[in-house]
Amino acid sequence: RDRSIRKIKDLAVALALGVLGSAWWYVLFGNSIKVILGFIAGMDFTEMSSWNNPWYYFLEKMPADVGWVGIGLCGAGVAAAYMLYRGRRDVFVLWPLAFLVPAYFIVSAVRGKTPWFTMMFYPALATLQGIAVWYVVSMIRSRLKGAAGLALAAMVALSVIGASLHQAE
């Protein structure tokens, strides 16, 4: 139990350092603090008032960003990450959620929502998708031994990848 609490604290420190380490970028390269605050509040004196979108804008955009197969894999990845966490008590399998949930609430609260904000979510979304595929493939491999299990696991993995690529076209 103490080890799990230690891992959660380590993850929180890493996230805090990431926020502190990246916040300076906006101040240094932004036109001014007034423009940055205007962007966050969606005020009319900045060009960002034209990017004023509702809080669910990024959810609406997900099918275009990752596709329906990707959305399904992300959902399966959340479930698989939870199952892995319950089984191993390894808090690091939850890092995509530890990033996505607070980041989504922060960018959803900002009034000026540009379409390229979602690019920062891609590594965590891809990790969730990978966890889902890995979990299904490992379940198949554990149930079916030998060449049959390997063949079925490979077919499932390739089918998911193929469906994602086909949908992207």
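Here the structure is a predicted model, which means the values were calculated and not measured. These values consider heavy atoms only, across backbone and side chains, with no hydrogens, waters or symmetry-generated copies.
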* Asked: Hey, quick one: are Val101 and Leu94 part of the same hydrophobic cluster, counting side-chain heavy atoms closer than 4.5 Å, chains of contacts allowed?
  -> no
* For the residue pair Pro102 and Leu97, what are the closest heavy atoms and their distance? -> CD-O, 3.8 Å
* To do: Evaluate whether atom OH of Tyr122 has more than 12 neighbouring non-hydrogen atoms of other residues, nucleotides or ligands under 6.0 angstrom away.
  => yes
* In chain order, what residues pass the side chain to side chain contact (heavy atoms under 4.5 Å, CB included) check against Leu100, with sequence neighbours excluded? -> Phe121, Ala124, Leu125, Leu128
* **Pair Thr118-Met62, side chain to side chain contact (heavy atoms under 4.5 Å, CB included): steps then yes or no** => CA-CA 9 Å; Thr118 57; Met62 273 204 56; over 6 Å; no
* **From CG (Leu84) to OG (Ser138), nearest 0.5 Å** => 7.5 Å
* To do: Identify whether Met119 and Tyr57 are in the same connected component of the hydrophobic contact network (ILVMFWY, side-chain heavy atoms under 4.5 Å).
  => yes
* **Ala132 to Ala80 - nearest heavy-atom pair and separation** => CA-CB, 4.4 Å
* Asked: Is Phe58 close to Asp65 at the side-chain level, that is, under 4.5 Å between some pair of heavy atoms?
  -> no
* Structure fact -> Nearest heavy-atom contact between Thr127 and Pro96 is CG2-CG, 3.7 Å
* To do: For the pair Val66 and Gln129, evaluate side chain to side chain contact (heavy atoms under 4.5 Å, CB included) and give the outcome as yes or no after the intermediate values.
  => CA-CA 10 Å; Val66 296; Gln129 294 170 9; 4.0 Å; yes
* Asked: So with a 6.0 Å cut-off around CE of Met120, is the heavy-atom count from everything else above 12?
  -> yes
* **Whichever hydrophobic residues join Ile106 through chains of side-chain contacts under 4.5 Å** => none
* For Tyr56, which residues count as a side chain to side chain contact (heavy atoms under 4.5 Å, CB included) partner, sequence neighbours excluded? -> Pro54, Glu60
